[in-house]
Each structure stands twice: as C-alpha cells, then as structure tokens.
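Keep in mind it's a predicted model, so treat the numbers as computed, not measured.
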There are 2 protein chains.
Amino acid sequence: MSTLSEVAARAGVTSATVSNVLRNRGRVGDETRQRVLDAVAALGYRPHLAARALAEGRAPTIALMVSSIANPFYPEFALAVERAARISGRFVIICNTNQDPLAGRAYLEQIAGTLSEGVLVMNANLDFDDLHQTEARGTPVVLCMWERPLDPPGLPCVAVDFRRAGELAARHLLELGHRQIVAIVGSKRAGIHAARYEGFVDALRAAGVKLPRTCVRHAPDTIEGGYAAARELLELHPATTAIFASNDLPALGSIHAAFDLRRDVPADLSVIGITDIQLARQSRPPLTTVQVPTVEAAEMAVSLLRELIERPPHTHQAARRGGRAAHEPPRVRVASEPTLIVRGSTSAPRRVRG
Amino acid sequence: MSTLSEVAARAGVTSATVSNVLRNRGRVGDETRQRVLDAVAALGYRPHLAARALAEGRAPTIALMVSSIANPFYPEFALAVERAARISGRFVIICNTNQDPLAGRAYLEQIAGTLSEGVLVMNANLDFDDLHQTEARGTPVVLCMWERPLDPPGLPCVAVDFRRAGELAARHLLELGHRQIVAIVGSKRAGIHAARYEGFVDALRAAGVKLPRTCVRHAPDTIEGGYAAARELLELHPATTAIFASNDLPALGSIHAAFDLRRDVPADLSVIGITDIQLARQSRPPLTTVQVPTVEAAEMAVSLLRELIERPPHTHQAARRGGRAAHEPPRVRVASEPTLIVRGSTSAPRRVRG
DNA sequence: TTGAAAGCGCTAACAA
DNA sequence: TTGTTAGCGCTTTCAA
C-alpha cells in the first residue's frame, strides 16, 4: 500500500499538494495536478481511511444497532440504510445487541465517536441513558422507528405513525364486517407496539366494537410466538372471525395456526398484520397488512444523522443545554403514513357474505 | 472525549505508561497502575479506535461482502459472523454488493486495508481478480461457503461439501420410493449450486434413475423463482412425485406452487431443499431439507481470517509467491458434513404407500 | 500555486 | 518501572 508521500515523491511535489488535488481543495496548477494524478494511478494509491479519519477527527462510518439482524424485518431495513449511507460516502458497522442492553452499551462505548461518527438505533432495546450519554459526548444518535410522531422522545428520531397503522388495520376488518376479533400484540414488557394497539383498539371502540381482555395476547415478535398465541386465542374464542397481529411475523404464525386448526384463511378466518415485510407477499395466502414506509424511514434516518454529524460543533453545546441552536436540524422527522395493502388473508366473515 | 495524554496528565505519568496499563503491556507499578485507572474512570476515557488502528497499522474491523443482506440466509450467516468477530474484538462492516461486481470492487478498493483488516466473502459475485489483488496488497480474504472441498479456489476459504448435500437429498427421495423427480437449480450463469446438482444427479444415476434435461430448471434463489420453476415443471411433467431444489427459498416457492395447483404436500408431492434456513422450520408444511453448518462455517471463516491477519508479515510474501511459509495457516478449512433434516414436506409417493 | 510544519490520538522501541 | 521519542498516513493552517 503506497502512501501519500510516496505519491508526492513520485510526482515531485509535497504531500500537501497531493492531498489538495485528491480532495479538490486549494488551487493546484493543471500541469502539477496531472503529474499527481499520474503518480496516483501508477502507484495504485488509495487513501488510508483510518488515517484520514484521525486527521479529520471524523470517521466515515456509522453504527447500526439492531436487536438481531436475523429478524427478517431488520435486513430489509439494514439494506436500505446501507444504500443511503453508501451514497453519502459512509460505511455501516452492524451492531447486534441481541436484546441485551449491556451488549448495546459495550458497542456504544467502544465505537461511538472513535470508529463511527454517528449511531442509528433500530429497536435495539438500548438503555436510554446510554444513548443520551453518547449524544452528550458528541456523537449524534438517531432513533429509526419511533412509533409516536406526536410524542417524541428526548432524542432525534424518525417517526412513523404506527397508531394510524393499527387504526387502518381495524377499519379494514370492520369494513369487511368482522366483529369477533382477537389481537396479538408485541411483547408487553418492552411496551413495544403499544401505539399500534391503541390505534387498533380506539378504532374498534369508535365503531362500538369491544375487545375484552381475554381476546388479547402478548407474544414475541416471531412466527412461533404468533402461532402459539393464535392457537390459544382460537381455542378460547372459537367464534373468532379475524385476527389482528401488531406485526407481520406473528400474523404469519397465526395463518399457520389456522392451517393446523383446519380453518381456512380467509374463508373461515381473516388475518392482518403490520409492516409488510417481503415474506408477507410470499406466504400462502399472501398476507393482508399495513405497509410501513421502511425504505423511506431508513433514508430519512441516514440523512438526519448526516445533518447532525455535519452541523457545526457549537450547536452541539446548544443541544446539550436543551435549547436548539439557530441552524440545528429539527430532531424529529415524520415519515409518510402507513397504507393498507389488501392481499389474500382477509375477506368478509362467512355469515355475512353472499 | 478525553485523550490518553489527558489521562496521563491527571495521573501524573506519561501517555506511554497509560497505554501500558490499558493494554497490560510492560511492567507497571501497582500504585501507578491504580492512579492511572482512577484517572481513566474519572475522565470516562475510552480509547480512540481510529487512532489506535493507525498506530498499530491494523484496524479492528472486517468487511463482510454479501450480495444482498435481504436474502434470509445472509442475515443468519451475518449474525454468526458478527458474534464470532465480536468475540475476537472486531467489528463488522456490512458491504452489500447487490450482485454487482463493480460495487464490490468499489468496496474493496476503499476499505480493504485502510478501514478493515480483512474481508469475508459470502456469495457476493465478486471478480476473482479483484479479490486476488486485494490479497496481493496484503489484506487477507476468505471465501465463506466454497462448495467443493476437493477443488479449492486460489483463495483461502471455508468449504462445505455441497456435493454431499445434493447426494443426501437424492438418497432421501430415492429411499422414500420416488422415481418421478424434477430439479430446480440455482441460476446457471453464476454456476452456483453446481456441486449440489452434481451430487444430486450422481446419486440418482447410481440408483439407475435418470433426470432428463426437461426435468431441470434454473431459477433465481427466491421464493418466486422457485414458484415459477415448479409450476412449469409440474405442468410439463404431471406425474412428478418429488421436487428437489438446490436451496430452501425455491423449495418453499415450490410448496406454494403445489398449493396453487391443488397438490397436497407431501401426500401428492414431496419437496426437499438445501440449507435449512430458519424459515424452513416455519413453513407449512415444515420443509424437509439438508442442513448446512452455517454457524460453524461462519466461525471457521472468522477464525481463519483472524489467523491470516495475525500471521507475521513475511509469510504474506511467501503466500504471494505461491508457496506456503512455514507457519502459515492452511488456506482451506472444511466444515462438518451436511445432514438430512426430515420434516413434513416429504413422504413416500402415493402409489407406493400403504 | 506550492511547500513546510504541526498535529489528530495512539503505539512501540529504546533509554533512563 | 517509567519516560522519551518517533512515527502511523493524512489534513490543514500558514508562509513562501
């Protein structure tokens, strides 16, 4: 690996000049520039990113914290993040917290500000204090899928109106004529999916439909979790005509449960989820769901992070003091609204049809 | 962010001493060590990884090149890589080549040797010349899932006997009594899955079962690809009793095709895949498949890469000249054999049963 | 338009 | 046991 000064020597200039032509800084004579470019080509020179990071006081990488890249939603999101980052000249370090706040903290402590210039947080179950602390230390943090646009957290975030998503799901079921409805909601402890559930319940209530306690199950965000919950629910309430799941994976699990219970979907039972992961399209029957703007949110998150990284340093101080400096980017960005995607897993309940 | 010398100043020593206590190098007096540790704690000091990388001439990150993190196999693999890397103190930069060799090259040129100390290649459709070049430049490269243990490439790799996987799949179908078999094989152009197919065909042939050209389709490694191929095949050969797919995703697609064609799986049609991705367990019916040691391969790949990174520099030269230096790690590692996992998508064909 | 020089934060000989 | 001294490869004033 050749270095700047080797290139400089070959071109008969100093490294400062080489640096200037490579970054289009300063004025460099055409003839000199050409000599430098030739030397760069001849030596196959490539800038040493770690060295540059040190000199600039800014690394070209961002950290993406996820709880487990194996959940099929995260790769889709990560893909979008990677694209957007790449376009802005940055690399993505993938940090699996594995739902463990301690693992998350370890990651933050090690790389925030030293190896990566910013961190994106995607449902990684991190300690908010840790996050605030890394922000206070000068490394921007962006939450990627905040579920309540109207109730922003104390950190910059991209918000998606998941309440609305729950509402849309409810309306769809109601319009089809369902009244015997049960719900499977993401793990209670994390309080995750609360907004989705609220939206769902409120829309039902507005239509005069009640959702008794016994019609609701909390389940892990997996196919198996949804499967188990759906079985319980269906056995407890055989008259059920529709299942709402606050996420696609449990919705898919519900379809499997119906299959095992010899209930035809959608003829005997409608199932609806939220998110629209790729699998939703590929299940049998394909899943009706409420699509969430994943790619858009990823792009917004990267661009917000970018702005936070690139803003002049004094504004950091202001942010830390609570106020917002003159040109500081707004700390909450709202992605477009979720939209209903009707596929094959929902239809009118039997007794109402034909 | 405080620096080493700030810590040093506070502890009344020089930065060299602080460095020594932090890395357990050199002998440091107990009393001094304690003072340093106190100062570190008081200042909340954390080492600057980019600076360290520069000084050591070695970055703590490795690059993971994948064609698209969205294919459900890759996240599972990436997860295992990340774990293994984390344990050896390294971070993973995720590089999506999106099947584009140019994108791959761009990644390699930018980060190999400057931001990451090694690269792991997972079916990223990279140009072999590019890979050899980055190796020649001194950055170790490891291929993660080489399909032919007996026919190693010119690069270090972890090999999995996919020929054997194909063979196991064939034997399973044969033992069940299937003779009307069709095959769906990964995209021809990339020559990928060739070993699996060979193993499959050879095992059939050894049993006196032929696989005519018209019984084989090449398809992209997706559910949709498998779906389309299976439909064609089943329409062309209605007497088919079993489908072999060289990967799980197309196998899942085949199950969907059977569903749409009103063919019961496994009663009317058996389906078998290769890999055993998580989804295989979660489909209806659950997919019979040949499990490939993903996690083991990931761990082997990371540890091979690690050894390559840590070997003394002179051996690089030797490797480049074709020979192998005295203590250079073997460049091919073979993971354990694939194993058949029988689930619900295969059974004896109708006419043979009972 | 170009060069000289300092320094980013850390490591690693080597001296003391 | 600790300090001194050079860098690692690059960027960035400031002078020339």
Closest to side chain of [X], choosing from [options]:
{"X": "Thr32(A)", "options": "dC10(C), dT2(C), dA4(C)", "result": "dT2(C)"}
{"X": "His48(B)", "options": "dC10(C), dT2(C), dC10(D)", "result": "dC10(C)"}
{"X": "Arg52(A)", "options": "dC10(D), dC10(C), dA5(C)", "result": "dC10(D)"}
{"X": "Thr17(A)", "options": "dC10(D), dG3(D), dG3(C)", "result": "dG3(C)"}
{"X": "Thr14(B)", "options": "dG3(D), dT11(D), dC10(C)", "result": "dG3(D)"}
{"X": "Ala55(B)", "options": "dG7(D), dC10(D), dG3(D)", "result": "dG7(D)"}
{"X": "Glu56(B)", "options": "dG9(D), dA12(C), dT12(D)", "result": "dA12(C)"}
{"X": "Val28(A)", "options": "dT2(C), dG7(C), dT11(C)", "result": "dT2(C)"}
{"X": "Leu54(A)", "options": "dT12(D), dC10(C), dG9(D)", "result": "dG9(D)"}
{"X": "Pro47(A)", "options": "dC10(D), dA12(C), dT2(D)", "result": "dC10(D)"}

Does [X] put a side-chain nitrogen or oxygen below 4.0 Å from OP1 or OP2 of [N]?
{"X": "Arg33(A)", "N": "dT1(C)", "value": "no"}
{"X": "Arg25(A)", "N": "dT11(D)", "value": "no"}
{"X": "Ser15(B)", "N": "dC10(C)", "value": "no"}
{"X": "Ser19(B)", "N": "dT11(C)", "value": "yes"}

Assess, by modelled atom type and distance only, whether the side chains of Asp129(B) and Gln133(B) contain a donor and an acceptor separated by less than 3.5 Å.
no
Is it true that Asp30(A) and Gln34(A) share a donor-acceptor pair across their side chains at a distance under 3.5 Å?
no
Mind checking whether Pro156(B) and Leu308(B) have side chains closer than 4.5 Å, heavy atoms only?
yes
Quick one: [X] [atom1] to [N] [atom2], roughly how many Å, whole number?
{"X": "Leu22(B)", "N": "dC10(C)", "atom1": "CG", "atom2": "P", "result": "9 Å"}
{"X": "Leu4(A)", "N": "dC8(D)", "atom1": "CG", "atom2": "P", "result": "13 Å"}
{"X": "Asn24(A)", "N": "dT12(D)", "atom1": "CG", "atom2": "P", "result": "13 Å"}
{"X": "Asn20(B)", "N": "dT4(D)", "atom1": "CG", "atom2": "C1'", "result": "13 Å"}
{"X": "Arg23(B)", "N": "dC10(C)", "atom1": "CZ", "atom2": "C1'", "result": "9 Å"}
{"X": "Arg58(A)", "N": "dC8(C)", "atom1": "CZ", "atom2": "C1'", "result": "14 Å"}

Contact class for Gly57(B) vs. all strands (heavy atom < 4.0 Å): base, sugar-phosphate, or nothing?
nothing
Between Arg10(A) and Glu6(A), does any side-chain N to carboxylate O distance fall below 4.0 Å?
no
Working note: Arg86(B) + Glu82(B), criterion salt bridge (charged side-chain N to carboxylate O under 4.0 Å, His left out); need CA distance, chi angles, decisive distance, verdict.
CA-CA 6 Å; Arg86(B) 206 67 275 288; Glu82(B) 197 251 12; 6.0 Å; no
